[in-house]
Structure formats: structure tokens, C-alpha cells
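Scroll down for the structure; my scribbles are underneath it.
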Amino acid sequence: MSSSFIERARSVLAANDRGGYTVPTDRLYPFQWNWDSAFVAMGFATFDIDRALSELEALARGQWADGMIPQIIFHKPAETYFPGPDVWRTSHTIPTSGITQPPVFALALEFIAARAGAEFTPRIAALYRAGLAYHRWWEKARDPEGRGIVAVLHNWETGRDNSPEWDEPFARVPQTTTTTIVRRDLGHVDAAMRPRDEDYRRYIHLVDLYASLGWDAMAMWRETPFKVADIGINAILGASEEALGRLAKRFGSEAERAEIASRRARLAKGLAELWNERIGLYASRDLISGKAMDVRVSAGFLPLLTEHCPAEARQSMQQRLDGLLKANTLPVPSTLVGEPGFEPKRYWRGPVWAVVNYLIARGFARQGMGEQAREVDEATLGAIREVGFCEYFDPLTREGLGGGTFSWTAAIALLISEDRMALAA
Ligand code: GLC
């Protein structure tokens with residue numbers, strides 16, 4: 001891997017560094033985002049453990065008393081983003097949004113811990129406690145009935161904002177808002193690539209509702225018209241719980257190890273229920289109607305990351321990936337080509353995202369399918385090298401979309417490059 005490529009990836013992180021935490025990209029996303037920072041922390045860990053830990057520590061400073069790690073932490077004010085703290089109306093000392101995002105935190109912490117020297121142990125131990133509190137929050141606030149399936153109460157929590165999976169559950173969310181909507185995003189990127197206005201009104205309707213409930217987790221659970229088991233989050237949480245269990249061997253107590261093991265077993269059982277026979281892939285489920293979503297999305301591959309992944313599912317996912325490669329489609333489109341709702345350029349309705357690809361590749365590797373892992377990694381790296389550190393890529397034309405200086409894309413470039421160099425060594 002040429003050193004200038006690695007230098008360029010590092011310089012994207014440096015340009016987006018705001019002093020101890022990183023913004024996803026300048027202007028469009030001027031604060032700290034939860035899962036972006038987890039990937040960025042792993043990227044930093046390829047060359048600077050101290051800085052990698054700071055990234056997670058900055059996230060932990062936004063953690064709520066009940067354990068939730070928010071989707072956005074507004075460390076410093078900025079005028080280029082909507083909705084800001086005045087819309088969220090939460091009560092944390094550092095202003096934050098009131099919802100969370102995919103829990104990659106413990107995966108990142110384990111990744112960093114594996115390469116950190118003894119001098120970092122106290123900082124890692126403190127972050128382990130933040131991770132433990134976060135996972136307890138997921139169980140208590142988002143699976144109060146103990147089914148082993150956690151729910152999201154806002155599409156922004158999934159990290160896949162406008163995926164067609166949310167179209168049906170959103171149909172029952174009113175478009176009325178008490179907040180005036182300002183589409184600041186459209187000043188930075190083409191409207192054709194972004195969610196539509198009517199979608200935005202529904203997103204903000206939910207924010208208004210939860211703010212009116214004082215962001216009380218139980219009240220939100222009772223009152224929400226939007227309750228979805230997101231396959232991405234359930235798979236990532238399953239994998240993260242396993243990572244937390246391994247960290248607990250070094251940093252936790254006997255009782256904590258037992259607690260994590262029982263949550264982990266429940267999550268594995270829950271994932272089994274999210275296998276969707278009709279589409280031959282894992283799928284999200286609307287927990288209000290009880291309906292599984294019959295739409296094939298890239299996140300449907302993520303249970304590969306977990307201990308729960310039976311042979312039938314593995315085989316079906318392998319075939320699906322081979323099909324994409326044969327069709328000369330850049331793997332893995334956020335919504336697979338040909339699915340209802342597929343749009344090659346609109347955000348999570350088709351474009352390829354490097355972070356999801358990275359997790360899918362790790363999933364194939366975990367299941368012993370090294371060839372598939374390599375194919376996905378090569379495709380991701382190839383796209384980044386060709387068109388830059390873009391937010392996402394058109395799966396049909398391979399065009400880079402949404403701006404060229406995205407932190408998490410740079411982080412993934414560093415991670416895959418490092419793996420490749422290790423293989424070559
Ligand atoms: C968008 C993405 C989300 C990401 C955020 C910051 O909202 O959908 O996944 O975390 O941007 O990059």
C-alpha cells in the first residue's frame with residue numbers, strides 16, 4: 001500500500017480533528033457522532049493509541065446517567081447543522097441529541113485494547129465501564145420485555161437514515177411538527193441524494209414527541225408510533241456483547257462476566273428470530289405491526305459478525321455476495337439492486353458505505369470465509385483509492401458521492417490497508 005495513500009487517509013482524520021474528537025466531515029456534520037467515532041477510533045489505533053482512546057473518551061463524556069451514549073454530542077456550537085441542541089432539548093451538561101446509534105463502541109475498545117501497552121490500562125478499564133453501562137441501557141431501555149431483540153425508536157438511531165426498511169413503519173408517523181424545519185443539509189449536498197422533506201417532517205415529529213416526554217426512556221417506549229428491531233443494531237450489539245465479554249476477562253468482575261454472558265445468549269436467540277426465510281437474508285422487523293421487512297439490505301449480512309450464524313444463513317449470504325460480484329455491482333449496496341425502493345444515489349437506499357462493508361468483511365472472516373472477506377475489502381479499498389474518501393459510492397457507476405473528506409471512510413481505508421500489509425508481510 002503506497003505510503004502517500006495512508007498519509008492522505010491520516011490527513012483526512014487530522015483535518016476533521018477538533019481536539020480530542022473528530023467530526024464526520026466539516027460543515028455537513030460539525031459535531032461528534034457515535035458510530036462514526038467508534039470507527040475513527042479504530043482508524044487512529046493503527047498509528048496512535050493515545051488519540052484512539054481520546055476519541056472514545058470524548059464519546060463517554062456525552063454518556064447519559066442512564067448509560068445511553070448519544071448519537072450526536074455537541075461539544076462546541078456550530079451553525080451549519082439542523083437539528084441542533086435547541087431542537088433536541090435534552091438535559092445533559094454537554095448538549096447531546098436524545099437518541100443513540102449502532103453500538104460499535106465495545107468493538108472499537110476491544111480493537112484498541114488488543115494493541116495498547118500497559119500504560120493505557122487505566123484508561124481502557126474506565127472505558128470498559130462506560131461500555132458496560134451502555135449495554136445495560138440497551139437491555140433495560142430497548143428490550144424491557146427481555147426478548148433478546150432490541151428496538152430503535154428513531155430511524156436516525158439505525159445510522160441508515162432513509163433505508164426503505166423504515167418506509168412502512170414511518171407511514172404511521174404523522175408529519176406534524178412543533179419545530180420549524182430548516183434543511184441545512186441541502187446547502188451542502190444535492191437534494192437528489194438526501195432524504196425528502198416529508199421524511200424530515202416525520203423524523204422531527206418523533207423528536208418533538210420525545211422532547212415533550214422529557215426523554216424518559218420508559219415513556220418513550222410506551223408512547224412511540226415507531227418501534228423497529230433494526231437488523232444492523234441487533235447484529236452489532238450481539239458482536240459487541242461478545243467483545244465486552246472478552247474485555248470483562250481483563251477488566252470486569254465475576255458477576256459482570258455472568259451478566260454479559262446471559263445478555264449475549266439472549267441476543268443470539270433473538271437474532272435467530274430475525275432470519276427471513278422469504279428473502280434468504282436477515283431482516284429488520286416492525287415491532288408494532290410484528291411484520292418482518294421483506295427487503296434485502298446490506299445490514300442483513302451483519303449477523304455474520306456473531307456467534308449466532310447457522311450454516312444455511314452463511315451459505316445464502318455467500319451466494320448473494322457472489323451474485324453481486326458476478327453482476328459487476330460494487331458490493332455491498334445498502335439496499336440491494338433490484339429491491340423495491342432501490343435508488344443508486346440516494347443515501348441508504350442503494351449506495352455502498354465503507355463502514356458497513358468493513359463489518360460485513362469481518363463477518364465473512366469470522367465465519368471462516370476468508371475469500372469473501374478479501375473480495376469485499378478489495379472492492380471497498382479499490383473504490384476509495386479511485387474516487388477518494390467519500391461518504392458513499394454509487395454501486396452501479398462506482399461514483400463517489402456526498403463529499404470527499406469523510407472521517408470514517410478514511411478510517412476504514414487505514415484499517416483495510418493495515419490488514420493487507422499484515423497479509424503481505
Ligand atoms: C448520516 C448517516 C449516519 C452517520 C451520520 C454522520 O446521518 O446516515 O449513519 O452517522 O450521517 O456521518
Side-chain angles (χ1 to χ4, degrees), residues 12-13 15-18 21-43 55 58-59 62 69-75 78 80-84 87-88 96-105 108 152 154-166 170 183-186 188-190 193-196 199-200 202-204 206-207 228 230-233 236 284 297-299 302 333-335 343 345-359 389-393 400-412:
V12 169
L13 294 187
N16 292 334
D17 190 339
R18 295 292 176 272
Y21 72 94
T22 310
V23 299
T25 194
D26 197 26
R27 297 188 62 75
L28 181 62
Y29 298 119
F31 309 105
Q32 188 180 25
W33 259 257
N34 180 335
W35 75 322
D36 295 65
S37 273
F39 289 108
V40 162
M42 290 195 266
E55 193 73 32
L59 274 183
I69 300 184
Q71 164 220 18
I72 309 174
I73 304 171
F74 302 102
H75 293 283
T80 54
Y81 181 79
F82 174 89
V87 177
W88 289 99
T96 71
S97 70
I99 56 173
T100 190
Q101 260 196 331
V104 182
F105 187 91
V152 294
H154 199 291
N155 59 309
W156 282 334
E157 295 195 310
T158 68
R160 304 195 312 289
D161 303 3
N162 64 334
S163 169
E165 297 157 276
W166 324 137
F170 256 122
R183 292 295 301 271
R184 298 231 164 86
D185 55 326
L186 301 184
H188 314 297
V189 262
D190 184 347
M193 298 183 195
R194 299 283 305 180
R196 299 163 308 173
D199 303 326
Y200 247 81
R202 293 185 157 115
Y203 304 168
I204 298 301
L206 291 177
V207 173
V228 167
D230 163 26
I231 188 58
I233 285 200
I236 290 171
S284 300
V297 296
S298 58
L302 293 177
S334 44
T335 301
E343 293 182 70
K345 290 192 179 7
R346 200 182 288 275
Y347 225 41
W348 291 94
R349 297 177 87 88
V352 173
W353 294 70
V355 286
V356 177
N357 271 13
Y358 176 75
L359 293 180
F389 304 98
C390 297
E391 189 175 16
Y392 43 92
F393 303 86
L401 304 167
T405 53
F406 269 78
S407 299
W408 63 2
T409 310
I412 298 305

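Every number for a ligand or one of its atoms is a count from 1 in the order of the listing.
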Margin query: Determine whether Asp190 and Lys345 satisfy the following criterion, salt bridge (Lys or Arg N to Asp or Glu O under 4.0 Å), listing intermediate values before the conclusion.
Written below: CA-CA 10 Å; Asp190 184 347; Lys345 290 192 179 7; over 6 Å; no
Item checked: Minimum-distance protein heavy atom relative to atom 4 (C) of ligand 1 -> Asp36 OD1, 3.5 Å
Margin query: Would Glu391 count as being in polar contact with ligand 1, using the rule that some N or O on each side must be under 3.5 angstrom apart?
Written below: no
Check: For ligand 1, which atoms, with element, lie under 4.0 Å from some heavy atom of Trp348?
Finding: 2 (C), 8 (O), 9 (O)
Notebook entry, point to check: Going by the angle between their ring planes, with limits at 30° and 60°, are Trp408 and Trp353 parallel, tilted or perpendicular?
Noted result: perpendicular
Note to self: Can you list everything that forms a side chain to side chain donor-acceptor pair (under 3.5 Å) with Gln101? Sequence neighbours excluded, please.
What the structure shows: none
Note to self: Taking 4.0 angstrom as the limit and counting only heavy atoms of Asp161, give me the atoms of ligand 1 inside it, by number and element.
What the structure shows: 1 (C), 2 (C), 7 (O), 8 (O)
Checklist line | Within reach of ligand 1, part of Gln101 (heavy-atom separation under 4.0 Å) | finding: side chain
Notebook entry, point to check: Under 4.0 Å from any heavy atom of Trp408, which atoms of ligand 1 are there?
Noted result: 4 (C), 9 (O), 10 (O)
Next item on the list: Check whether any heavy atom of Trp156 sits under 4.0 Å from an atom of ligand 1.
Entry: no
Item checked: Mutual orientation of the aromatic rings belonging to Tyr81 and Trp33 [parallel < 30°, tilted 30-60°, perpendicular > 60°] -> perpendicular
Check: For ligand 1, which atoms have a heavy atom of Pro24 less than 4.0 angstrom away?
Finding: 6 (C), 12 (O)
Next item on the list: Give the numbers and elements of all ligand 1 atoms closer than 4.0 Å to a heavy atom of Gly159.
Entry: 2 (C), 3 (C), 8 (O), 9 (O)
Margin query: Set out, in order, the CA-CA distance, both residues' side-chain angles and the distance that settles ring pair (Phe, Tyr, Trp, His ring centres under 6.0 Å) for Tyr21 and Phe31, then state yes or no.
Written below: CA-CA 9 Å; Tyr21 72 94; Phe31 309 105; 8.9 Å; no
Notebook entry, point to check: If you round to the nearest 0.5 Å, how far is CH2 of Trp35 from CD1 of Ile236?
Noted result: 5.5 Å
Checklist line | Pair Asp26 + Arg18: basic N to acidic O under 4.0 Å | finding: yes
Next item on the list: Taking only heavy atoms of Trp35 into account, list the atoms of ligand 1 that are under 4.0 Å away from them.
Entry: 3 (C), 4 (C), 9 (O), 10 (O)
Next item on the list: Determine whether the aromatic ring centres of Tyr392 and Phe406 lie less than 6.0 Å apart.
Entry: no
Check: What protein heavy atom sits nearest atom 1 (C) of ligand 1, and how far off is it?
Finding: Tyr347 OH, 3.0 Å
